[in-house]
2 protein chains.
Amino acid sequence: MEENKYVTIYDIAERLNLATSTISRALKDHHTISEKTIKKVKKTAEEMGFVPNTLAAGLRGNKTKTIGVLIPTVTQPFLSSLISGIEIAAQKSGYTVIIMQSHDSSEEEVNMAKSLYSNRVSGVICSLAMETRDTSHFLQFSNNNIPLVFVDRVPKDFNTFRVVIDNYSAGYKATKHLIDQGCTRIAHLTAGSEFGNLYNERKRGYTEALRDHNLPVDEELIVNLKSVTYEAGVKASNKLFDLNPIPDGIFAPGDIIAVSAVQTAKKRGIKVPEDVAVIGFNNDPISEIIDPNLSTITHPAEKMGKAAAEIIIKKLKSAKHDEVKEITFLNTEVLVRESSARK
Amino acid sequence: MEENKYVTIYDIAERLNLATSTISRALKDHHTISEKTIKKVKKTAEEMGFVPNTLAAGLRGNKTKTIGVLIPTVTQPFLSSLISGIEIAAQKSGYTVIIMQSHDSSEEEVNMAKSLYSNRVSGVICSLAMETRDTSHFLQFSNNNIPLVFVDRVPKDFNTFRVVIDNYSAGYKATKHLIDQGCTRIAHLTAGSEFGNLYNERKRGYTEALRDHNLPVDEELIVNLKSVTYEAGVKASNKLFDLNPIPDGIFAPGDIIAVSAVQTAKKRGIKVPEDVAVIGFNNDPISEIIDPNLSTITHPAEKMGKAAAEIIIKKLKSAKHDEVKEITFLNTEVLVRESSARK
DNA sequence: TTGTATGCGTTATCAC
DNA sequence: GTGATAACGCATACAA
């Protein structure tokens, strides 16, 4: 390894008395270069500690083999698993992933999007910040034919790829499961009603399931959370357990919230699942650990990440300027564990 | 926003009948450019939808304002919090963060390091893969004067910056806390004894604390985990609870492991903290949620990330080629919660 | 099969 | 205050 100096193809060319173009081609196994030369070049490159300069290559070719990921935070199990999936798929095709966090702020999201564009990423995967309404900062990508995929928290009206689950049917399934367990007074914790079509869809599934099974939709059993945190969950759960009679089932749109309901119930001497059956959402690691184990809806984070990355890579390969922007729906399943198993 | 074409400073220059050099300088508030021109240029740039090309700038100036982060995985609370800290500090100084995961594989770590180098990152922050012994793939950074900071899982013998906690004294404190609670038969779960000086240090703190308080170091109370997973923790805990008498205290070097001990105890009818007091490590979110709440040692992930990023930024600013590579120690604290509170 | 020449977008140097 | 020009490292069109 040379000291203090980047080795370039020019250095290799000089050493071997070849043209830089030959070096460049040899390093990429170009078919017009002889086996012998290729071997020789690669060997010397290795010896001299040559590492290609991606900046130069990207500038020249106007493509970077980089996928930009723009998400609210990496500290949520769902999102870190999403990254994991993206990364695995990207790596398989030789793509680099660059991750930026919006911290659920629209303003930061705008800046980060600009930064990704500035870095000339080849494609973008995004899960929207909670407060984002205006999505015009994503036009710079679609206008320039940079593949853009929204995942999970997607905008309503933006013509691009989406990878999502069917939140409506997931909410329906969760609720139906509780009904199947014999629950008749099922509560629902929900969040972000104004924007998040995501939570709204789960709620719609909940109400439809009740209706389909001739159960009343009781507004006092639907509690809106200010934020999706453990503390907010405790507060909301206490509200439910203050009712008389208390609900005999709870569908929470996230595992953290569901866990808060379970713990709050336990603290108040309410038995789970005997007195109240609980089902969460996401299948976060914690759902398997708490006691009783939490029933939940699977949310295939890693698969979604993989799918999103593959869409981008495929799009980049075909290079066609087609206008078909499909929506990819991934499956969810009811995972029955102790917290809702009554029979 | 223009369609399908990156706007360059050349386009702006043409539109305004100015030289590209003037545009470039105006956009950076260069003092030799008149206020009027600066304003005009910025306005037109905005109008035309100009976004600087970081690749070109990086190539030209041979610096990218990008910090590369190389960690085992993003799906661990400690590491995702670390990233969060890095990102916040980086963003404040206009740096971009690019994250790569080694998945605890040395081979991938070597590749990713090369990729970071290839991307001409300005600095690197790394927490080593579990299996990494040979660290020569990091020489490319130090040899080329690219600031390199190791965090948490650091190599023994590499002359560069380190940001760590004092694992020895943390282990000592945890053990002493259990002793203070009246425990006399304290078990320790540990891991990766061959390499990880990190776990070894915690263990050393454990044994020293016992010795200092005239308690015997009983080898049957020290169980080595194959991996730091919940399942491995359950297995090890069962081994401990099969002993007669069982230990009256357990110090686990991670919260997941500690939680597995607590849950296993509960399942066997052993009371926590009455029969056995448990203390973990890291202060992961789960430690506050399980019942009983888990006592733990704080591990200031976000602060560590912030510190690491700041070291790099500072180093980059000074540009001096000094040889002082300090080690930054961050504080840890005993967080007493229910799982170890006996009095 | 290999070489020559050029340009990607920016910035620094030097000139005016 | 502003302009012309070269250079960063690589990849490609074209020539040989």
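Reckoned from all heavy atoms, side chains included, excluding hydrogens, waters and symmetry mates. From a predicted model like this one, the values you see are computed outputs, not experimental measurements. Chain A is the first sequence line, chain B the second, and so forth, proteins listed ahead of strands; every chain is numbered from 1.
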N/O donor-acceptor pairs under 3.5 Å from side chains in residues 76-88 of chain B, not counting sequence neighbours:
unit_1, atom_1, unit_2, atom_2, d
B/S80, OG, B/Q76, O, 3.3
B/S80, OG, B/P77, O, 3.3
B/S81, OG, B/P77, O, 3.0
B/E87, OE1, A/Q101, NE2, 3.3
B/E87, OE1, A/H103, NE2, 3.3
B/E87, OE2, A/Q101, N, 3.4

Inset, instruction - Specify the residue among B/T37 and A/T54 whose closest nucleotide of DNA chain D lies further upstream toward the 5′ end. - result: B/T37

Inset, instruction - Send over the distance from A/H30 NE2 to D/dT12 P, rounded to a whole Å. - result: 8 Å

Legend entry - Closest listed nucleotide, where the reference is the side chain of A/R60 and the choices are C/dG7, C/dT2, C/dT10: C/dG7

Inset, instruction - Report the distance from atom CG of A/L27 to atom C1' of D/dG9, rounded to the nearest whole Å. - result: 13 Å

Legend entry - Spacing between A/L55 atom CG and D/dA11 atom C1', to the nearest angstrom: 15 Å

Inset, instruction - Calculate the interatomic distance between A/L59 atom CG and C/dG7 atom C1'; express it in whole Å. - result: 9 Å

Inset, instruction - State whether A/T32 places a side-chain N or O below 4.0 Å from either non-bridging phosphate oxygen (OP1 or OP2) of C/dT1. - result: no

Inset, instruction - Could you check which of C/dT1, D/dC10, C/dT4 has an atom nearest any side-chain atom of A/A19? - result: C/dT4

Inset, instruction - Would you indicate which nucleotide in D/dA11, D/dT2, D/dT5 comes nearest to any side-chain atom of B/R25? - result: D/dT2

Legend entry - Whole angstrom value for the distance that separates P of D/dC10 from CG of B/N119: 13 Å

Legend entry - Rounded distance in Å - CG (B/N17) to P (D/dT2): 13 Å

Legend entry - Residues B/K306, B/E302: salt bridge by 4.0 Å N-O rule: no

Inset, instruction - Name the nucleic acid region contacted by A/N53, choosing base, sugar-phosphate or nothing; use a 4.0 angstrom heavy-atom cut-off, strictly under. - result: sugar-phosphate

Inset, instruction - Please work out if A/S34 contacts a base, only the sugar-phosphate, or nothing of the nucleic acid, heavy-atom cut-off 4.0 Å. - result: sugar-phosphate

Inset, instruction - Remember a base hit wins even if backbone is also touched, and classify A/S24 as base, sugar-phosphate or nothing at under 4.0 Å, heavy atoms. - result: base

Inset, instruction - Assign B/S21 to base, sugar-phosphate, or nothing according to its heavy-atom contacts below 4.0 angstrom with the strands shown. - result: base

Inset, instruction - State, to 0.1 Å, how close B/A19 and B/A13 come at their nearest heavy-atom pair, and which atoms those are. - result: C-CB, 4.0 Å

Legend entry - B/L18 side chain, from C-beta outward: closest of D/dG1, D/dG3, D/dT5: D/dG3

Legend entry - Spacing of A/H31 atom NE2 relative to D/dA11 atom C1', expressed in whole Å: 15 Å

Inset, instruction - Please examine the side chains of A/V163 and A/I311, heavy atoms only from C-beta on, and report whether any two atoms are closer than 4.5 Å. - result: yes

Inset, instruction - Remember a base hit wins even if backbone is also touched, and classify A/D11 as base, sugar-phosphate or nothing at under 4.0 Å, heavy atoms. - result: nothing

Inset, instruction - Using a heavy-atom cut-off of under 4.0 Å over every strand shown, decide if A/T8 touches base, sugar-phosphate, or nothing. - result: sugar-phosphate

Legend entry - Distance, rounded to the nearest Å, where A/Y10 contributes OH and C/dT4 contributes P: 10 Å

Inset, instruction - Mind telling me whether A/Y6 and B/Y117 have parallel, tilted or perpendicular rings, with 30° and 60° as the class edges? - result: tilted

